[in-house]
Amino acid sequence: MGTDLIIPEIVLLEKMEETDRSFAPALWEGLKNEVIIASEEENKLPAAIRRKKRMIFTDFVNKAINQPMEFNLELTPEVQKQLYRLHLFCCQQSIHCPEVRHNPLILGFHALKEMKLALMGIMITYRLIDPSCPYKWTHTFFENCILTHKSADGHTIINFKNIPSDIVNKAITEELVTDWLIYRGYGHNGIRTLMDVKNHLQTLPDYKRGGHPADEFSRFERKMREQFNRKELRKEEALDLEFRKTLVRTVAEQTAAQMVASGMSAQDILAQAFAADISKLSCPPASSPAPAPQNAPKAKALPKPKKDTGYIEGIISHMLEDE
């Protein structure tokens, strides 16, 4: 097996793996296998054509790795790091495009096209999950305002026209970039894989696949955010309900203990507890005993009511839960 075309692509994959720790090892093995399979097919070409392709690929990979990217906005170091990850991935994807394999001269053009597609998917996603973004920021808006091109010395230039820098800095996050890499990294049909990764092998019942890749990706991210917000809301409601139940239970326990201590029997407490108007549930005032005659025999002390309120508390708690 010849190695004319493997070497530059392996160098690119190694650089991607060095800068990206979010991918599973299986994905890297899959990408390397794609390189080997493509090279085996093209090893049948004449040596002159292989050398020409290798020169083009080597020059392209060296510029992709070593040449700095340029932006028209002031971006944070973290955002620039994520854009570099995205840039390397788009270059790797472009090398394996069938059109590029047939005509390597369009490699740079295809890489810029892939980069623009990725940025459109991320920016449309942010527009859908941030209500503060203008509604006029549609697919067409981002298609016209996100420009990618090359400088004379091979630098990749990205222009965000009419998009504030603070919005770009908020939109391009590690999570969204990783999701896009998963989405495009599995045979360009990775929405199912992305759904399994993000939603723990569960499908989204109301999600419809298909359409432009940027729109399909952004719809999925919107649905995932909606599902996450619903879960968080239910969690907050459950915590609030549990707090209210605990508060009512505590008050009921203290009230029942006071009623038992005042001398009321369990039957009297339950009779008041089952009353229609709970406001009538009150402890009777403690009465002072009458003085006994001096010569009267001492009366046998009556047994005091037990302070065990478990049975009463269970009845009251059951009533509160039913309500």
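What's counted below: heavy atoms across the whole structure, side chains too, no hydrogens, waters or symmetry copies.
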*Asks:* Using the ring pair (Phe, Tyr, Trp, His ring centres under 6.0 Å) criterion, which residues pair with His212? Sequence neighbours excluded.
*Replies:*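 By the ring pair (Phe, Tyr, Trp, His ring centres under 6.0 Å) rule, His212 matches His139.
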*Asks:* Which atom names give the shortest non-hydrogen contact between Gln80 and Leu75, and what distance separates them?
*Replies:*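 Shortest heavy-atom separation between Gln80 and Leu75 comes out as NE2-O, 3.0 Å.
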*Asks:* Verify the cluster assignment for Ile146 and Leu112: are they in a single hydrophobic cluster under the rule of side-chain heavy atoms below 4.5 Å apart?
*Replies:*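 No.
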*Asks:* So Asp59 and Lys63, salt bridge (charged side-chain N to carboxylate O under 4.0 Å, His left out) or not? Walk me through it.
*Replies:* CA-CA 6 Å; Asp59 181 67; Lys63 289 181 178 179; 3.5 Å; yes
*Asks:* Tell me, please, which residues at least two apart from Cys97 pass side chain to side chain contact (heavy atoms under 4.5 Å, CB included).
*Replies:*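 Here the qualifying residues are Glu99, Val100, His110.
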*Asks:* Between Lys161 and Asn144, is there a donor-acceptor pair closer than 3.5 Å when you use the side chain of the first and the backbone of the second?
*Replies:*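 No.
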*Asks:* Supply the atom-to-atom distance Cys91 SG to His87 NE2, rounded to the nearest 0.5 angstrom.
*Replies:*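 Nearest 0.5 Å value for the SG-NE2 distance: 4.0 Å.
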*Asks:* Roughly how far apart are Leu176 CG and Ile122 CD1, rounded to 0.5 Å?
*Replies:*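 Between Leu176 CG and Ile122 CD1, I get 6.0 Å after rounding to 0.5 Å.
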*Asks:* Looking at every heavy atom in both Ile124 and Ala214, which two are closest together, and how far apart are they?
*Replies:*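 Scanning both residues, the minimum pair turns out to be CD1-CB, 4.2 Å.
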*Asks:* Would you tell me whether Gln82 and Glu78 have side-chain atoms, one donor and one acceptor, within less than 3.5 Å of each other?
*Replies:*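 Yes, a side-chain donor-acceptor pair sits under 3.5 Å.
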*Asks:* Indicate yes or no: at least one non-hydrogen side-chain atom of Leu119 is less than 4.5 angstrom from one of Lys116.
*Replies:*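 With C-beta onward as the side chain, the pair stays apart.
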*Asks:* If you group Ile, Leu, Val, Met, Phe, Trp and Tyr by side-chain heavy-atom gaps below 4.5 Å, do Met224 and Tyr207 land in one group?
*Replies:*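 Yes: a chain of side-chain contacts under 4.5 Å links Met224 to Tyr207.
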*Asks:* Tell me, with the steps shown, if Lys150 and Thr156 meet side-chain contact (heavy atoms from CB on, under 4.5 Å).
*Replies:* CA-CA 5 Å; Lys150 290 281 187 180; Thr156 297; 2.9 Å; yes
*Asks:* Please tell me if the side chains of Val177 and Phe89 come closer than 4.5 Å, counting only heavy atoms from C-beta onward.
*Replies:*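 Not in contact.
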*Asks:* Under 3.5 Å, is there a donor on one side chain and an acceptor on the other for Thr178 and Arg85?
*Replies:*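 Yes.
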*Asks:* Kindly give the heavy-atom pair with the smallest separation between Pro134 and Arg127, and that separation in Å.
*Replies:*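 Looks like O-NE, 3.2 Å.
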*Asks:* Taking Tyr84 for its side chain and Ile65 for its backbone only, find out whether a donor-acceptor pair lies under 3.5 Å.
*Replies:*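 Yes; at least one donor-acceptor contact below 3.5 Å.
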*Asks:* Under the criterion side chain to side chain contact (heavy atoms under 4.5 Å, CB included), which of Ile157, Val79, Leu83 is the partner of Phe71?
*Replies:*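 Single pass found, and it is Leu83.
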*Asks:* Does Lys198 form a side-chain contact (heavy atoms from CB on, under 4.5 Å) with Glu175? I'd like the steps, not just the answer.
*Replies:* CA-CA 11 Å; Lys198 295 282 287 185; Glu175 180 182 2; 2.7 Å; yes
*Asks:* Quick check on the hydrophobic clustering: are Met123 and Leu73 connected, directly or via other members, by side-chain heavy-atom contacts under 4.5 Å?
*Replies:*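 As far as the 4.5 Å side-chain criterion goes, Leu73 and Met123 are connected within one cluster.
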*Asks:* If we only count heavy atoms from C-beta on, is the Arg184 to Leu117 side-chain gap below 4.5 Å?
*Replies:*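 Yes; the side chains approach each other to less than 4.5 Å.
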*Asks:* Would you say Leu86 ends up clustered with Met69 if hydrophobic residues are merged whenever their side chains have heavy atoms under 4.5 Å apart, either directly or through other cluster members?
*Replies:*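 Yes, it is one cluster - the side chains of Met69 and Leu86 are joined through contacts under 4.5 Å.
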*Asks:* Looking only at atom types and distance, does a side-chain atom of Thr58 sit under 3.5 Å from a main-chain N or O of Met55, one as donor and one as acceptor?
*Replies:*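 Checking the backbone N and O of Met55 against the side chain of Thr58, no donor-acceptor pair under 3.5 Å is found.
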*Asks:* What I want to find out is whether Glu9 reaches Arg101 closely enough, with some N-O distance under 4.0 Å, to be called a salt bridge.
*Replies:*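 Between Arg101 and Glu9 there is a salt bridge, with a charged N closer than 4.0 Å to a carboxylate O.
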*Asks:* Go through the steps for Phe57 and Leu12 under the test side-chain contact (heavy atoms from CB on, under 4.5 Å), then give the verdict.
*Replies:* CA-CA 10 Å; Phe57 288 169; Leu12 179 59; over 6 Å; no
*Asks:* Do Arg50 and Lys53 make a side-chain contact, defined as non-hydrogen atoms from C-beta onward lying under 4.5 Å apart?
*Replies:*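 No; the side chains remain at least 4.5 Å from each other.
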*Asks:* Could you tell me whether a side-chain N or O of Asp130 sits under 3.5 Å from a main-chain N or O of Ser132, the two making a donor and an acceptor?
*Replies:*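 Flag set: sc Asp130 to bb Ser132 pair under 3.5 Å.
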*Asks:* Between atom CE of Met115 and atom OG1 of Thr148, what is the distance when rounded to the nearest 0.5 Å?
*Replies:*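 Here the interatomic distance stands at 8.0 Å.
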*Asks:* Do Tyr126 and Thr173 have side chains that approach each other closer than 4.5 Å (heavy atoms only, starting at C-beta)?
*Replies:*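 They are not in contact (no side-chain heavy atoms under 4.5 Å apart), so the answer is no.
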*Asks:* Once you round to the nearest 0.5 Å, how far does OG1 of Thr19 lie from NZ of Lys81?
*Replies:*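 The distance works out to 8.5 Å.
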*Asks:* Does any part of the side chain of Ile191, heavy atoms only, come nearer than 4.5 Å to the side chain of Tyr183, both counted from C-beta?
*Replies:*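 The answer is yes; the side chains approach within 4.5 Å.
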*Asks:* Working to the nearest 0.5 Å, report the span between CG of Leu181 and CE of Met16.
*Replies:*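 These two atoms lie 6.5 Å from each other.
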*Asks:* Would you say the side chain of Ile167 lies within less than 4.5 Å of the side chain of Trp137, judging by non-hydrogen atoms?
*Replies:*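 The answer is yes, as the side chains (C-beta and beyond) meet within the 4.5 Å cut-off.
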*Asks:* Taking side chain as C-beta onward, heavy atoms only, is Arg234 less than 4.5 Å from Lys231?
*Replies:*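 Result yes, sub-4.5 Å side-chain heavy-atom pair found.
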*Asks:* If you take all heavy atoms of Ile129 and Arg222, which pair is closest and at what distance?
*Replies:*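 Smallest interatomic distance, heavy atoms only, reads CG2-CA, 4.2 Å.
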*Asks:* Taking only residues two or more places apart in sequence, or in another chain, which ones meet Leu105 in a side chain to side chain contact (heavy atoms under 4.5 Å, CB included)?
*Replies:*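 Partners of Leu105 by the side chain to side chain contact (heavy atoms under 4.5 Å, CB included) criterion, ordered by chain and then number, come out as Ile56, Asn103.
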*Asks:* Looking at Arg219 and Glu216, is there a salt bridge between them, counting it only when a charged N and a carboxylate O are closer than 4.0 Å?
*Replies:*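 No.
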*Asks:* Would the distance check show the side chain of Asn66 and the main-chain N or O of Asn62 forming a donor-acceptor pair, the cut-off being under 3.5 Å?
*Replies:*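 Pair found, side chain donor or acceptor close to backbone of Asn62.
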*Asks:* Charged N to carboxylate O below 4.0 Å: is that the case for Arg225 and Glu221?
*Replies:*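 Between Glu221 and Arg225 there is no salt bridge, as every charged N stays at least 4.0 Å from the carboxylate O atoms.
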*Asks:* Using a 3.5 Å distance criterion without hydrogens, assess whether the side chain of Asn199 forms a donor-acceptor pair with backbone atoms of Met195.
*Replies:*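 Such a contact is absent between Asn199 side chain and Met195 backbone.
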*Asks:* Within the distance-only criterion (no hydrogens, no angle test), does the side chain of Asn169 pair as donor or acceptor with the backbone N or O of Thr76 below 3.5 angstrom?
*Replies:*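 Judged by distance alone, yes, a pair lies under 3.5 Å.
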*Asks:* Kindly give the heavy-atom pair with the smallest separation between Trp180 and Gly121, and that separation in Å.
*Replies:*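 Scanning both residues, the minimum pair turns out to be CZ3-CA, 4.2 Å.
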*Asks:* Considering non-hydrogen atoms only, spot the tightest contact between Phe60 and Gly108 and give its length.
*Replies:*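 Scanning both residues completely, I find the closest heavy atoms to be CE1-CA, 4.0 Å.
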